[in-house]
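Single-structure report; data block below.
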Amino acid sequence: MKDVAMSFISGGLWILSTGIVGFYIGIWCYTTTSKGFMLTLLVDESTKTKFLGDFVKAYILYSTPIIFLAISSTIYLAIKQSYPSKNHLKQFKHFLNLLWTRPLIVNKIVGIINGFDIMVILTTTFMVVWMFLNEYFGEVGENSPSLVKWVHAGITLGRVSIFPISLLFLPISRSSPIYRMMNIPFEQALRYHTWLGHLTMTILLGHASIFVGVFAYKQQILIKELSLPNTEVSVLAGLIAFIAGLLMWTSALSYIRRKHFNLFYYVHQLYWIFFAFFVYHVGVKHAGYSMGSIFLYFVDRFFRFQQSRRKMSISNAKILSNGVVELKIPKSSNLKYNAISFLFINIPNISLLEWHPFSIASSSLDKSNNITIYIKPKGDWTQNLNTLIKKSINDVKFQGCSFATKFFMEGPYGHESNYFLRYDTLLLIGGGIGITPFLAIISDILHRYELEKEEDLPIHINLIWMVQTCKDMDILKQISPTSIFPNLHSSNLKIMVDIYVTKGELNHRQLEDSTLSIHNNSLSQEDHKAPLLVSTSTGDNLWMLSLIISTTIATIIIFGIFHQYVLNTKYFKFDLVISRWIQVSIFFIILILGIVGMGGIIVTFWNKHLDYKEKHKINIPIHEDIQSHSTMNGLFLSHCSFEEYDDIEMEPRTLLHNFYTLKHKGRPNFEEIFDLIKKQSSTKDIGVLASGPESLLVDVAKECQKHSSGHYVKTQVFNFHSVSFTL
């Protein structure tokens, strides 16, 4: 009965959320028409209060729906967490899964586009075109002078740009309950942010170009138009915002971002300048059109700042034979995260400002109380990390110093559900370091089999991994399936690993282990605690709900007080027009007070709640790996050859020796692999997870598209999932 009630409530929240989205789209479309404009005037008059004045209209119609959507999404997630059930909205979730996992357009230019992506693209395109046509032709007649037409075209483009700006900050809220409710992973949300950024800057480029052309045509000196008047639009502020946006747009282009990531990262911090001068440009009233998602982003940013304040310790750092760095980070057993998760790391000894994301290679079900990540030295930051660890190893070897590098962490973040568990057959395809999330998936499934608490777990796991040389296989030695699940070979679970070496020879001697490992033997009990805050992807949805509601209410109350006793000059019985820059500056102060002030109170109680759980429930032991190697003064150098396990009678010890196949040169023939999986699998849905470079993802998606053609009810479907996370 309770399960039925929760399903009913969950369905109601989905209907409510869908209605909010529909209202949001509809209000943008309707208010650009002549009748819709009359509605805004009616709302303007009816909401003009003594306490809040005439600032309310835009916030009620355009910002409030986003806030309500976040609240309803968080309530849904809280119910889902407290009353988990596979039957909640089963058919609806199946429909969403089809939208997400069926690649419809696949090529190297646009990448991989699924059904949900097409819905987003078509809806956004329709909205922009509809708004422009209604705004423009509603004010310009056929007989209007050409200059008037150009001016109104520029004004209309400026107004239309507010719509994508109103959504631009929403996808980059890492703990966004909206995307988590819809099962949109953060890496997919980043694509939407990129698309919205391109759209926004394209519209703003047209907006700015038209007015520069108009000024030049009128033979006016541009500097005369750059004053900061009290009531008119501030051209100077708009120009500064546009330049900041243009710099971010240019540095975010794919080639520049990949070749010069540091340039992209630092230039993108100009978003503060863009937002601030955008508000100075349009004013406090018109900022309400886009403040919903921006407010939620700043709440998320404050949450992440609080989470990352506490310095963390690395319990174990290892450099594998191929140069890949393995880091083990202490965690509390209270910290729960899904297998396909990632975290952001900042190491002040390398860079004070840079944060880098890395996929987690361990399961939260692991009893080791550590999070494991693997980092391949590619850019400056990762190369410096490799050098730092080598230096620390030398210090340990010759000076007896313990490894004491500190760092800051955000996360873990990730998909809201372990969606890979719903497939009986899994095809995992990775390239190079892209195998990292698959280690977490395999480990998580093995732990679930060992716990014997779940049914309908995957029974066939096929791992296809492409490496350049045999040394790259060293990562597979770090996981031992039979040590996690001793009854593996007598169970229904079958794990097959096929390794493809694309360069070099199949020299087994290359697999000789020459790893360097260093341990932090001075870890205190405090160092083994969880981060300052647990990510909302792991739970604590009620705390996040209270954070969103309290900061929203506090901001509204503070705004009302400021309006009544500061902005409302009639209260002081003198007539004075307060300039725009003062109004906007006060507006920023209100945002800071509302988010930081009330948010700080909620976060303080949140931390105390976590500390209480930690002190009264968890007594974290030191990991056995640290104890076993402490006698070697923190240095561990092992030599064990591949041939040691060539005897097929021996029990496989690591994933590297568990049903492996080595092939020489080149990439695998995906068509043959998919045909074979299709013949061997008796299930309708096959989960295909790919991680690696873009070219690999495109090739895998094409095969999924090719082998899933036909009616989805009758055809065996290869459900494509990209688990590659790149900024």
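Just so you know, these numbers use all the heavy atoms, side chains as well, and skip hydrogens, waters and symmetry mates.
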Tyr24 versus Ser166, side-chain donor and acceptor atoms under 3.5 Å = yes

Only counting residues at least two apart or in another chain, list the ones meeting side-chain hydrogen bond (donor to acceptor under 3.5 Å, both in side chains) with His268.
-> none

What's the verdict on side chain to side chain contact (heavy atoms under 4.5 Å, CB included) for Ile558 and Thr555, showing C-alpha distance, side-chain angles and the deciding distance?
-> CA-CA 5 Å; Ile558 296 173; Thr555 302; 6.0 Å; no

Would you say Thr551's side chain and Ile548's backbone share a donor-acceptor pair under 3.5 angstrom?
-> yes

Ser293 and Leu167, any side-chain heavy atoms less than 4.5 Å apart | no

Report the residues that fulfil ring pair (Phe, Tyr, Trp, His ring centres under 6.0 Å) with Phe278, sequence neighbours left out, ordered by chain and then residue number.
-> none

Closest contact, heavy atoms only, Tyr136 versus Ala153 | CE1-N, 3.7 Å

Pairwise side-chain contact, Phe303 with Val299, heavy-atom cut-off 4.5 Å (strictly under) | no

What salt bridge (Lys or Arg N to Asp or Glu O under 4.0 Å) pairs are there with at least one residue in residues 111-134, not counting sequence neighbours?
-> Asp117-Arg191

Contacts of Ser72 that satisfy side-chain hydrogen bond (donor to acceptor under 3.5 Å, both in side chains) - sequence neighbours left out | Ser17

Taking the inter-plane angle between the rings of Tyr289 and Tyr62 on a 0 to 90° scale, is it parallel (under 30°), tilted (30 to 60°) or perpendicular (over 60°)?
-> tilted

Do Trp150 and Phe211 pass the side chain to side chain contact (heavy atoms under 4.5 Å, CB included) test, and can you show the C-alpha distance, the side-chain angles, and the key distance before you say yes or no?
-> CA-CA 8 Å; Trp150 279 109; Phe211 277 105; over 6 Å; no

Looking at CE of Met248 and OG1 of Thr200, how far apart are the two atoms once the value is rounded to the nearest 0.5 Å?
-> 10.0 Å

Provide the full list of salt bridge (Lys or Arg N to Asp or Glu O under 4.0 Å) pairs with a residue in residues 584-600, sequence neighbours left out, each pair given once.
-> none

Output yes when a side-chain donor or acceptor of Thr74 lies under 3.5 Å from a complementary backbone atom of Pro177, and no otherwise.
-> no

Determine whether the aromatic ring centres of Phe274 and Tyr271 lie less than 6.0 Å apart.
-> no

Distance in Å, Asn541 CG paired with Leu547 CG, rounded so as to fall on 0.5 Å steps | 12.0 Å

Classify the side-chain pair Ser175/Asp300 by whether it contains a donor and acceptor separated by less than 3.5 Å.
-> yes

Work out which heavy atom in Met182 is nearest to a heavy atom in Trp100; give both atom names and the distance.
-> O-NE1, 3.7 Å

Under 3.5 Å: donor-acceptor pair, side chain of His415, backbone of Ile184 | no

Looking at CG of Leu69 and OG1 of Thr18, how far apart are the two atoms once the value is rounded to the nearest 0.5 Å?
-> 9.0 Å

Cation over ring face, Arg304 and Phe344, 6.0 Å, 45° = no

Once you round to the nearest 0.5 Å, how far does CZ of Phe242 lie from OG of Ser161?
-> 11.0 Å

Residue pairs, two or more places apart or on separate chains, that pass salt bridge (Lys or Arg N to Asp or Glu O under 4.0 Å) and touch residues 156-170 = Glu135-Arg159, Glu139-Arg159

Taking Gln705 for the side chain and Leu104 for the main chain, is one N or O donor matched with an acceptor at less than 3.5 Å?
-> yes

Within the side chain of Arg257, is there an N or O that forms a donor-acceptor pair under 3.5 Å with the backbone of Ala252?
-> yes

Test log, rule side chain to side chain contact (heavy atoms under 4.5 Å, CB included), inputs Leu591 and Met291 | CA-CA 11 Å; Leu591 284 179; Met291 275 306 300; 3.9 Å; yes

Crowded around His152 NE2? As in, over 12 foreign heavy atoms under 6.0 Å?
-> yes

Partner set under side-chain hydrogen bond (donor to acceptor under 3.5 Å, both in side chains) for His207, not counting sequence neighbours | none

Phe68 meets the side chain to side chain contact (heavy atoms under 4.5 Å, CB included) criterion, sequence neighbours left out, with Ile20, Thr64, Ile71

With sequence neighbours left out, the residues meeting side-chain hydrogen bond (donor to acceptor under 3.5 Å, both in side chains) with Ser550 are none

State yes or no: are the ring centers of His721 and Tyr419 separated by less than 6.0 Å?
-> yes

According to the interplanar angle, ranging from 0 to 90°, do the rings of Tyr413 and Phe342 count as parallel (below 30°), tilted (30 to 60°) or perpendicular (above 60°)?
-> tilted

Judged by atom type as modelled, is there a donor-acceptor pair below 3.5 Å linking the side chain of Trp355 to the main-chain atoms of Asn346?
-> no

In chain order, what residues pass the side chain to side chain contact (heavy atoms under 4.5 Å, CB included) check against Val120, with sequence neighbours excluded?
-> Phe116, Thr124, Tyr192

Does the side chain of Leu343 come within less than 4.5 Å of Pro357's, by heavy atoms?
-> no

dist Arg102:CZ -> Ile113:CD1 (nearest 0.5 Å) comes out at 16.0 Å

Distance, nearest 0.5 Å, that separates CD of Glu354 from CG of Asp380 = 8.0 Å

Partners meeting side chain to side chain contact (heavy atoms under 4.5 Å, CB included) with Ile243 (sequence neighbours left out) = Leu239, Leu247

Are the side chains of Ser695 and Val698 in touch, meaning some heavy atoms are under 4.5 Å apart?
-> no

Looking at side-chain heavy atoms only, is the closest gap between Phe588 and Phe275 below 4.5 Å?
-> yes

Qualifying residue, where the test is ring-ring contact (aromatic ring centres under 6.0 Å, His included) with Trp272 and the options are Phe169, Tyr297, Phe298, Phe277 | Phe298

Quick one: does Trp195's side chain get under 4.5 Å of Pro164's, heavy atoms only?
-> no

If you look at every heavy atom in Leu296 and Ala70, which pair is closest and at what distance?
-> CD1-CB, 3.7 Å

Taking the six-membered ring where the residue is Trp, are the ring centres of Phe261 and Phe264 under 6.0 Å apart?
-> yes

Would you call Ile595 and Phe295 a side-chain contact if the rule is heavy atoms closer than 4.5 Å?
-> yes

Partners passing side chain to side chain contact (heavy atoms under 4.5 Å, CB included) against Thr202 (at least two apart in sequence or in another chain) | Trp249

Please determine, by modelled atom types, if Tyr265 and Ser251 share a side-chain donor-acceptor pair under 3.5 angstrom.
-> no

Please examine the side chains of Ile162 and Trp28, heavy atoms only from C-beta on, and report whether any two atoms are closer than 4.5 Å.
-> yes

Looking only at heavy atoms, the pair that brings Ala690 and Phe720 closest together is CB-CE1, 3.9 Å

If you look at every heavy atom in Leu253 and His198, which pair is closest and at what distance?
-> CD2-CE1, 4.3 Å

Derivation and outcome, side chain to side chain contact (heavy atoms under 4.5 Å, CB included), residues Leu170 and Tyr179 | CA-CA 9 Å; Leu170 195 60; Tyr179 283 94; 3.9 Å; yes

